[in-house]
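Only one structure is covered here, and it is reproduced in the block below.
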Amino acid sequence: MSATTLDQLVSLAKRRGFIFAGSEIYGGLQGTFDYGPLGVELKNNLKQAWWRANVYERDDMEGLDSAILMNRTVWHYSGHEETFVDELVDCLTCKGRFRADRLRDGTCLLNRTLQPGQCAGQLTEPRPFNLMFRTQVGPIADDDSYAYLRPETAQGIFVNFANVLTTTSRKLPFGIAQIGKAFRNEITPRNFIFRVREFEQMEIEYFVRPGEEDAWHERWLQDRLAWWQSIGLSRDNLQIYPVPRDELAHYSKATYDLMYRYPIGFEELEGIASRTDYDLGSHTKDQANLNIQARVAPNQHSVARLSYYDQERREHIVPFVIEPSAGVDRGVLALLTEAYAEQQVKPLSNERQQAVLDALTTFRKSIDRNDQLPAEQRDRLLARTSEIIAALPDSLPQVAGLLDLPGAERIPVGKKLRGQVEPALDEAFRTVLHLKPALAPIKVAVLPLKRNQAEIVALAQQIRTQLQRGSNLRTVYDDTGSIGKLYRRQDEIGTPFCITVDFDSLGRGDDTSMKDTVTVRERDTMQQERVPISELPTYLTERIR
RNA sequence: GCGGGAGUAGCUCAGUCGGUAGAGCAUCUGCUUCCCAAGCAGAGGGUCGCGAGUUCGAGUCUCGUCUCCCGCUCCA
């Protein structure tokens, strides 16, 4: 089971320190999020896994980290100044929002049921709606001293194409990989970290000979699909969406979107675009002599020839580009969605179960009696409630999803239902993140079985210190609760292994042969194994790779 | 930006007829506990989204405003 509502993830993320709303104490800033102590680890692990697979484990890739601020001319020739900056007006009559350049005489043209002119006078003033953020460069704020925050990392790669080529002696095909921040002034940031104004991309620009792009496009699609699965996303939750021709971005010949089944439905996780020679062709000098196939604007500014000299054919060619471009934040969200589970770990007491059942029954009656709900919503709610009642107690975590359905907020007893379900979940369920160990923010937690036993505590802390220093495993020590509580706490943040130090570890148990051994408890199975302290680094490293 | 819903402690929620804010969980401390939410005692944490107005007195009534959530445009 994975997360069924975004709220479950938002709540966990905030509660345990993965992700916070940006600038929270001042009311927030829409479309920004801060990664907390655990979130930064998870995100770093994701980026590291990507870098390892795409740079270290391949022979045809170089890395790059280009500046966020770039000469404005970059965005002129990339096409972004034209396609990312719109003057928009709103029509107060027909509620439409239009590009000012599509209007004639201040009239709403797009509402075709009206004659042009009928909306006139109801339009707001044209306002520049700039999908690129502008910022001041230099101390003097005049009209020309501005730059954009990059809306994609890709252009940093294209403008460095010649630099990388000459310094690495690469032959086609080869790629350049980059991870970095990008900024878009989205009209409506929404859905937690899914659509935000400041985000991070993991991008590859892969350069191939013209004519070979389609084969490489297919290959990259399969590569990327396999990679996402290798870090834990299940194939069932991934979809390939070939973007229809009329929806393609201005640079693209063909694009596959890799869609993931988020709680909000299937949405794009990564785009794999075939960009032809549009980008290098746009940024290069000497365009006329390079047989560029894409339609590019004449470039009078570039001082570099962004081409590849083909020794065999003795000619300069402009490579075609395949671009697998993934969202880091969307990756994090996908990982959390996939990993999240609420599992029953012990039976529910009778009173609790009865209380929940009563609350559900009351809820169902209340829906049934409510005549203000659209029939469709009502039927859906009734059906879902009945399903949950039938599948109790396993279905208990699904109540969150039920209360998230459209219309549910109009049923007042929904709050009471939530109030009954919560303690039941607390009592008998655990929340667990089934993250791949390599991605887990914390790899190992060292726990004393009893915190008021000085010797146990001392040994546990000693083991923690050894693991921290002697291995690359992020290790924490925790003694702020009973052992069961500590396990649950680690489950919730996805820690794959807990090490428990007990009396046997000290040689003070019934079986003295267990001296210098500890219990290692595995997150998913909750199984325990006795391991000699000296073997811990090897034991753990093998299982966390 | 428009339409619909909601803002009270970290979370989920109470808060009656207007009378200076409560519970459970979470967090922290102490005691206790020989492997899966224990328990007990205590502590911290809220200008009730914000700003006006009405009133002797506003979480509660009125107006404005902001933010968030759901639908319309965007796409990593």
Side-chain angles (χ1 to χ4, degrees), chain A residues 6-7 10-12 14-17 20-21 24 26-30 84 86 88-99 124 127 129 131 151-154 182 184-196 199-203 243 247 249 255 257-258 264 267-271 273 323-331 333 345-346 400 403-410 415-423 425-430 447-453 456 480-491 498 500-504 508-510 519 521 526 528:
Chain A
L6 209 51
D7 283 343
V10 174
S11 156
L12 175 70
K14 180 171 188 191
R15 202 170 65 243
R16 300 315 311 273
F20 311 117
E24 212 178 1
Y26 289 112
L29 177 65
Q30 217 186 357
F84 265 58
D86 299 327
L88 296 180
V89 298
D90 294 306
C91 177
L92 299 176
T93 306
C94 68
K95 314 288 189 212
R97 166 171 283 178
F98 313 107
R99 287 171 55 158
T124 61
R127 286 169 292 195
F129 205 92
L131 254 39
E152 61 174 28
T153 55
R184 286 182 200 173
N185 200 358
E186 294 288 347
I187 301 170
T188 316
R190 201 164 275 193
N191 290 326
F192 195 34
I193 53 173
F194 184 79
R195 174 163 292 121
V196 288
F199 60 103
E200 208 162 0
Q201 295 183 306
M202 304 186 283
E203 288 198 315
V243 178
E247 287 176 26
T255 298
D257 281 348
L258 232 47
I264 51 174
E267 293 287 350
E268 186 183 359
L269 168 65
E270 171 161 358
E323 177 198 70
S325 170
V328 176
D329 312 87
R330 290 182 179 187
L333 188 59
V345 287
K346 67 192 248 191
L403 293 171
D404 220 43
L405 287 177
E409 75 282 351
R410 296 215 211 162
K415 287 189 173 181
K416 298 223 164 86
L417 173 58
R418 200 193 293 269
Q420 288 299 334
V421 167
E422 220 172 69
L425 284 173
D426 274 351
E427 180 183 273
F429 284 68
R430 67 166 182 162
L447 316 170
L449 183 64
K450 307 181 77 55
R451 64 168 158 165
N452 57 356
Q453 300 289 320
I456 291 183
T480 58
S482 71
I483 191 67
K485 190 171 184 176
L486 298 179
Y487 284 153
R488 280 208 189 175
R489 198 182 282 171
Q490 295 301 327
D491 286 343
C498 289
T500 304
V501 178
D502 57 20
F503 290 95
D504 291 332
R508 276 171 40 192
D510 297 336
T519 300
R521 178 240 195 211
M526 296 166 57
Q528 304 189 338

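Throughout, a chain's letter reflects where its sequence line sits, starting with A, and its residues are numbered from 1.
Under the side-chain contact (heavy atoms from CB on, under 4.5 Å) criterion, A:Val345 pairs with A:Arg430, A:Arg488, A:Met526, not counting sequence neighbours. The side-chain contact (heavy atoms from CB on, under 4.5 Å) test applied to A:Ala182 returns A:Phe199, A:Gln201, not counting sequence neighbours. Scored by the ring-ring contact (aromatic ring centres under 6.0 Å, His included) test, A:Phe429 finds no partners at all (sequence neighbours excluded). Partners of A:Thr480 under the side chain to side chain donor-acceptor pair (under 3.5 Å) rule, at least two apart in sequence or in another chain, are A:Asp478, A:Arg489. Scanning for side chain to side chain donor-acceptor pair (under 3.5 Å) contacts around A:Asp502 gives A:Ser505, A:Arg530, with sequence neighbours left out. Annotation: salt bridge (charged side-chain N to carboxylate O under 4.0 Å, His left out) contacts of A:Glu203 (sequence neighbours excluded): none. A:Arg418 is linked by a salt bridge (charged side-chain N to carboxylate O under 4.0 Å, His left out) to nothing, counting only residues two or more places apart in sequence or in another chain. Listed by chain and number, the residues in a side-chain contact (heavy atoms from CB on, under 4.5 Å) with A:Arg15 are A:Ser11, A:Leu12, A:Glu492 (sequence neighbours excluded).
Going from the P atom of B:G7 to that of B:C61 covers 12 Å, rounded to whole Å. Atom P of B:C63 sits at a distance of 29 Å from the matching atom of B:G71, rounded to the whole Å. The P atoms of B:G4 and B:C50 are separated by 25 Å, rounded to the nearest whole Å. Look at the C1' atom in both B:G49 and B:U60: the space between them is 16 Å, to the nearest Å. Distance check on atom C1': B:C13 versus B:U8 gives 9 Å, rounded to whole Å. The gap from the P atom of B:U54 to that of B:A58 amounts to 11 Å, rounded to the nearest Å. Using atom P as the reference point in both B:G10 and B:G45, the two lie 11 Å apart (nearest Å). Comparing the same atom, C1', in B:A23 and in B:A9 gives a spacing of 11 Å after rounding to whole Å.
Separation of atoms CD1 (A:Ile264) and CG (A:Leu333) is listed at 7.0 Å; rounding is to 0.5 Å. Atoms CG and CD1, from A:Leu449 and A:Ile456 in turn, are 6.0 Å apart once rounded to the nearest 0.5 Å. Taking CG from A:Leu258 and OG from A:Ser325, the interatomic distance works out to 11.5 Å, rounded to the nearest 0.5 Å. Note that CG of A:Asp504 is 7.5 Å distant from OG1 of A:Thr519, once rounded to the nearest 0.5 Å. The distance from atom CD of A:Glu323 to atom OG1 of A:Thr153, rounded to the nearest 0.5 Å, is 7.5 Å.
The CG-P distance, from A:Asp257 to B:C74, rounds to 14 Å in whole Å. Rounded to an integer number of Å, the gap from CZ of A:Arg330 to P of B:A76 is 8 Å.
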Give me, pair by pair, the N or O atoms of the protein and of nucleotides 33-37 of chain B that are less than 3.5 Å apart, along with how far apart they are.
{"unit_1": "B:C34", "atom_1": "OP2", "unit_2": "A:Lys450", "atom_2": "NZ", "d": "2.2"}
{"unit_1": "B:C35", "atom_1": "O2", "unit_2": "A:Tyr487", "atom_2": "OH", "d": "2.4"}
{"unit_1": "B:C35", "atom_1": "O2", "unit_2": "A:Gln528", "atom_2": "NE2", "d": "2.6"}
{"unit_1": "B:C35", "atom_1": "N3", "unit_2": "A:Tyr487", "atom_2": "OH", "d": "3.4"}
{"unit_1": "B:C35", "atom_1": "N4", "unit_2": "A:Asp502", "atom_2": "OD2", "d": "3.0"}
{"unit_1": "B:C35", "atom_1": "N4", "unit_2": "A:Thr519", "atom_2": "OG1", "d": "2.5"}
{"unit_1": "B:C36", "atom_1": "O2", "unit_2": "A:Arg521", "atom_2": "NH2", "d": "3.1"}
{"unit_1": "B:C36", "atom_1": "N3", "unit_2": "A:Arg521", "atom_2": "NE", "d": "3.0"}
{"unit_1": "B:C36", "atom_1": "N3", "unit_2": "A:Arg521", "atom_2": "NH2", "d": "3.3"}
{"unit_1": "B:C36", "atom_1": "N4", "unit_2": "A:Met526", "atom_2": "O", "d": "2.8"}
{"unit_1": "B:C36", "atom_1": "N4", "unit_2": "A:Gln528", "atom_2": "NE2", "d": "3.2"}
{"unit_1": "B:A37", "atom_1": "O4'", "unit_2": "A:Arg488", "atom_2": "NE", "d": "3.3"}
{"unit_1": "B:A37", "atom_1": "O4'", "unit_2": "A:Arg488", "atom_2": "NH1", "d": "3.1"}
{"unit_1": "B:A37", "atom_1": "O4'", "unit_2": "A:Arg488", "atom_2": "NH2", "d": "3.2"}
{"unit_1": "B:A37", "atom_1": "N7", "unit_2": "A:Lys346", "atom_2": "NZ", "d": "2.5"}

Nucleotide N/O to protein N/O under 3.5 Å, stretch nucleotides 68-70 of chain B:
{"unit_1": "B:C68", "atom_1": "OP2", "unit_2": "A:Gln30", "atom_2": "NE2", "d": "3.3"}
{"unit_1": "B:C70", "atom_1": "OP1", "unit_2": "A:Asn191", "atom_2": "OD1", "d": "3.1"}

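Within 4.0 Å of A:Arg195, counting heavy atoms only, lies at least one base atom of the nucleic acid. Counting non-hydrogen atoms under 4.0 angstrom, A:Gln201 reaches the backbone sugars and phosphates but no base. The residue A:Arg489 sits close only to the backbone: its heavy atoms come under 4.0 Å of sugar-phosphate atoms, none of a base. Using a 4.0 Å heavy-atom criterion, one finds that A:Leu486 contacts no nucleic acid atom at all. Heavy atoms of A:Phe429 sit nowhere under 4.0 angstrom from any nucleic acid atom.
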_Base versus backbone protein contacts along nucleotides 8-15 of chain B [heavy-atom cut-off under 4.0 Å; B, S, -]_ = --SSSSS-
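You'll find the side chain of A:Glu152 reaches within 4.5 Å of the side chain of A:Arg184, heavy atoms only. With a 4.5 Å cut-off on side-chain heavy atoms, A:Gln453 and A:Arg508 count as touching.
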*Pairing of RNA chain B as dot-bracket, 5' to 3': ( ) intra-strand, [ ] crossing, | other strand, . unpaired, with Watson-Crick or G-U pairs under 3.5 Å?*
(((((((..((((.....[..)))).(((((.......))))).....(((((..]....))))))))))))....
